[in-house]
Amino acid sequence: HVLRRRLAEDECEVLLTTACGAKGLEWDNVKVLDDYAKLMTFERVPEEELQQGGEYASIQAEGASPHRGAPMRFCLPGDWKGDELNSWYVAVTRARQRLQL
């Protein structure tokens with residue numbers, strides 16, 4: 001049975017895991033599913049708030065040039081729960097090169 005067969009990680013094209021199961025691990029490409037969609041949103045950083053040399057997330061359309069993203073920041077709703085944010089943080093920090101939300 002295919003679900004009982006254990007494959008080494010390097011034998012897999014896709015690895016499905018939970019954020020908890022991914023803790024301490026990293027991969028080149030990570031896609032985080034929409035379980036956390038209501039936890040956090042992104043907004044464009046207004047020009048007047050941009051800081052010289054500041055580091056910002058860059059949100060891009062699929063297939064866009066890597067230097068064309070707009071400077072973005074995270075926005076938390078007022079009722080977020082710490083455990084949910086910690087889990088989301090683990091999920092989004094597993095990517096070494098490419099994170100897809």
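Here, residue 1 is the first one in the sequence, and each next residue gets the next number.
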Rounded to the nearest 0.5 Å, what's the gap from CD on E48 to CG on L50? Could you check?
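So the CD of E48 and the CG of L50 are separated by 8.5 Å.
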
Report the distance from atom CG of L101 to atom CG of L33, rounding to the nearest 0.5 Å.
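Spacing of CG (L101) from CG (L33) equals 10.5 Å.
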
For atom CD of E13, is the number of surrounding heavy atoms from other residues, nucleotides or ligands below 6.0 Å larger than 12?
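Result for CD/E13: open.
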
Using a cut-off of 6.0 Å, state whether more than 12 heavy atoms not belonging to R44 lie near its atom CZ.
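Open: at most 12 neighbouring heavy atoms sit under 6.0 Å from CZ of R44.
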
What pairs of donor and acceptor atoms, side-chain ones from residues 18-28 against any protein atom, are under 3.5 angstrom apart with sequence neighbours left out?
| unit_1 | atom_1 | unit_2 | atom_2 | d |
| --- | --- | --- | --- | --- |
| T18 | OG1 | G21 | N | 2.9 |
| W27 | NE1 | E9 | OE2 | 2.6 |

If hydrophobic clusters are built by linking Ile, Leu, Val, Met, Phe, Trp and Tyr wherever their side-chain heavy atoms come under 4.5 Å apart, do V90 and W88 end up in the same one?
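No, V90 and W88 fall in different hydrophobic clusters.
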
A8 backbone acceptor or donor facing E11 side chain under 3.5 Å:
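Yes, the answer is positive, given that a donor and an acceptor are paired below the 3.5 Å cut-off.
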
Checking the side chain of S87 only, and the main-chain atoms of D83 only, is there a donor and an acceptor separated by less than 3.5 Å?
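Such a contact is absent between S87 side chain and D83 backbone.
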
